[in-house]
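For reference, the structure is listed below as structure tokens.
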Number of protein chains: 2
Amino acid sequence: MSGEVNIKRLALELNISIATVSKALNDSHEISLKTKNRVWDLAKALNYTPNPAASNLRSNKTKTIAVIIPCVANNFFSLSIKGIEEVARQYGYHVLIYQTHEDTEMERSFTNSLLNGRVDGILTSVSSNEYNNEYYQNLVKKIPLVFFDRVYENIDTFTVTTDDYEISFNATEHLIESGCKKIAYLYGLEKLPAGRARFSGYKDAMNAHGLEVAEHLIVNYIDDDELNLQNIKKLFNENQPDAVFSSLEEFIIPAYTACQELKLNIPDDVKLLSFSNLSSAKLLNPSLTTITQPAFEIGNEAAKCLFKILNKKGIGDDQNIVLKSMLIKRASTGG
Amino acid sequence: MSGEVNIKRLALELNISIATVSKALNDSHEISLKTKNRVWDLAKALNYTPNPAASNLRSNKTKTIAVIIPCVANNFFSLSIKGIEEVARQYGYHVLIYQTHEDTEMERSFTNSLLNGRVDGILTSVSSNEYNNEYYQNLVKKIPLVFFDRVYENIDTFTVTTDDYEISFNATEHLIESGCKKIAYLYGLEKLPAGRARFSGYKDAMNAHGLEVAEHLIVNYIDDDELNLQNIKKLFNENQPDAVFSSLEEFIIPAYTACQELKLNIPDDVKLLSFSNLSSAKLLNPSLTTITQPAFEIGNEAAKCLFKILNKKGIGDDQNIVLKSMLIKRASTGG
DNA sequence: CTGTTAGCGCATTCAG
DNA sequence: CTGAATGCGCTAACAG
């Protein structure tokens, strides 16, 4: 009964036409205030809400956006979603979530499934297993899309990123200034601009201080915790770095485990520093020095960009927004 | 151009009727294989995908479910979402996310906005600021709904919870067995069944071992980090508990901070134990003993329940599913 | 096996 | 200012 309230019902009860009800509900200027009030009152009384499917079909708008990310169970992405959701709510939009599990195939499959009008726009942070921006060059012509954090370059749309290069440079300098000379680098996201920028920051800082960036000090991230641990232990055993800089939150965990297993003292034997958004950083041992990206603000900003496009505003603005990360110094680096 | 592919276009190009195309696409038994193949081939060639709004309007099905939770940026809930999303994908469903920020008003506002057919069903974990199940008693008659983790009782629908009472009892015993006698309790979610069950487990274990549950050993959680910290410091200063059992991940952080500020040694001066889903538990100091709920499995199970309802199966099954938590013993409790 | 017809709920012409 | 008529894209009842 109460689920069956539509404009037809309102029109019947008020003895006016469906069209008039529709216009009144949309606050059209061609309807008298008196009629509008009658409609609004009854709508409220009957708990009327427009059927979204019908509106969507008619208007080609869904009031829905999609977020496509590698994984929600991740400190960074879950905080980003929080930022996105907050802006969406302000605009009266709904938020669909899709997880790619770092798989470009799945990413495209999701994205393609959204091109038939299911959503008005997409926010995406791309998968790490591939870099190929051709797909997106065509895509952005078909649907409003904003990249955040993990972006493709040279695509005609908004991107929201952080100062990966600068913060990595600064973080590396911080290690050097605290006395480190053999700084190992745990390299993740090496196919994506963010990963490469982080590595460049590290490399350039090393070079700027006359330190060697040796091949054997670099460990590449792979999707296997056990192998990562082994590789890091090998790094420690064969090369005795005096610091480890991880470009990925997931990558510092095996490093920490390796320290425990090899009885390495932090920060005396080895200093640790990592990109990380651990929400409970206060519980960390030994208070890991971190590079923390403003995840919430990134989500916030990305969503705002998308609504700019959806509302056809802000064309001509700078399309590449760069937010600042923070270097939070702790005991692990003598900071 | 390619965005304009609909069944009308397919029908025109193939010189058959719109209805035939529709039936062929839905693999109806009343269409010849030959015709189906012609339709499928062209649909594929033109990259046809059905317009969801039109389908929804006609069929009253959206292939979409909603997840309403307090916050995504939370280890437990983000993992739950992962479990939900995985099941939804298997069923070809889309997932909408709504965050209530622990506000029952907002929770109801979101929920009400979903009653007009925007989604086929709802998964929800209720807000902590109120306990009032009247609203939901009516709601479950209007839309398929499954509660997970934070549930209301005596409502005719599925719930997916964990063994809060038993695991709290066991955890408390673990503390007692490791020599503790003055075990403080950090009390969260006190208005919800989960929170009360945790507290009962603690209380009953204390009593079972002849230990007093003193009023001054209980600290209630409030939504203010600074005040929580002060209250815990006061607890330490005035009552010198030899253990602290936190019923909430967020609540152990100020406890840990208090230990640092008061120079209390863990686990020698005080033992710490907490409900927690910290994904990077390996980084914790001093390896906090935790009660870890199977967050992913809870999401998984809850989603499966919802699809049971949606597919009209499993009526008569037990409606209250209880999953087992794990007590992960670490150095902080001498475990 | 295929086609004709009607209508889901809403918004937008265009007439009056 | 109000109403009658049309169609968004799709599905389903019914006819052939």
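Chain identifiers are assigned alphabetically (A, B, ...) following the order of the sequence lines, protein sequences preceding nucleic acid strands; residue numbering begins at 1 within each chain. Remember, it's a predicted structure, so these values are computed and weren't measured experimentally.
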Pick from B:Leu145, B:Thr124, B:Ile97: which one makes a side-chain contact (heavy atoms from CB on, under 4.5 Å) with B:Ile68?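 For B:Ile68, the side-chain contact (heavy atoms from CB on, under 4.5 Å) check succeeds only for B:Thr124.
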
Whether over 12 other heavy atoms sit under 6.0 Å from B:Asp223 CG: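 Counting neighbours around CG of B:Asp223, 12 or fewer heavy atoms of other residues, nucleotides or ligands fall under 6.0 Å, so no.
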
Using the side-chain heavy atoms of [X], tell me which of these nucleotides is nearest: [options].
X	options	answer
A:Ser55	C:dA11, D:dG9, D:dC8	C:dA11
B:Asn51	D:dT11, D:dG9, C:dT12	D:dG9
B:Leu57	C:dC10, C:dG9, D:dC10	C:dG9

Rounded interatomic separation in angstrom, taking [atom1] from [X] and [atom2] from [N]:
X	N	atom1	atom2	answer
A:Leu14	D:dG3	CG	C1'	15 Å
A:Lys61	C:dA11	NZ	P	13 Å
B:Lys63	D:dC10	NZ	C1'	16 Å
B:Asn60	C:dC10	CG	P	12 Å
B:Arg58	C:dT5	CZ	P	16 Å
B:Asn37	C:dC1	CG	P	13 Å
B:Ile7	D:dG7	CD1	C1'	14 Å
B:Lys36	C:dT2	NZ	P	10 Å

Classify the angle between the aromatic ring planes of B:Tyr136 and B:Phe147 as parallel (below 30°), tilted (30 to 60°) or perpendicular (above 60°).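 Perpendicular: the ring planes of B:Tyr136 and B:Phe147 meet at over 60°.
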
Should the pair A:Tyr91 and A:Phe307 be assigned to parallel (<30°), tilted (30 to 60°) or perpendicular (>60°) ring geometry?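 Taking A:Phe307 first and then A:Tyr91, their aromatic rings lie parallel (interplane angle under 30°).
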
Kindly say if [X] contacts the phosphate of [N], meaning a side-chain N or O under 4.0 Å from OP1 or OP2.
X	N	value
A:Ser17	D:dG3	yes
A:Tyr48	C:dC10	yes
B:Thr20	C:dG3	yes

Can you check whether B:Ala24's main-chain N or O pairs, donor with acceptor, with B:Ser28's side chain at less than 3.5 Å?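 No; judged by distance alone, with no hydrogens or angles, the pair does not exist.
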
SB check A:Glu107 A:Arg150 (cutoff 4.0 Å):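 Salt bridge absent between A:Glu107 and A:Arg150.
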
What does [X] touch in the nucleic acid at a heavy-atom separation under 4.0 angstrom: a base, only the sugar-phosphate, or nothing?
X	value
B:Ile16	sugar-phosphate
B:Thr35	sugar-phosphate
B:Ser32	sugar-phosphate
B:Asn26	sugar-phosphate

Side-chain donor or acceptor of A:Lys23 under 3.5 Å from a matching atom on the base of D:dG3?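 Present.
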
Please figure out whether B:Thr49 or B:Glu30 has its closest DNA chain D nucleotide nearer the 5' end.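 Final value for this comparison: B:Thr49.
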
Residue whose nearest DNA chain C nucleotide is more 5′ - B:Ile18 or A:Ser22: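 Its nearest nucleotide lies further toward 5', so the answer is B:Ile18.
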
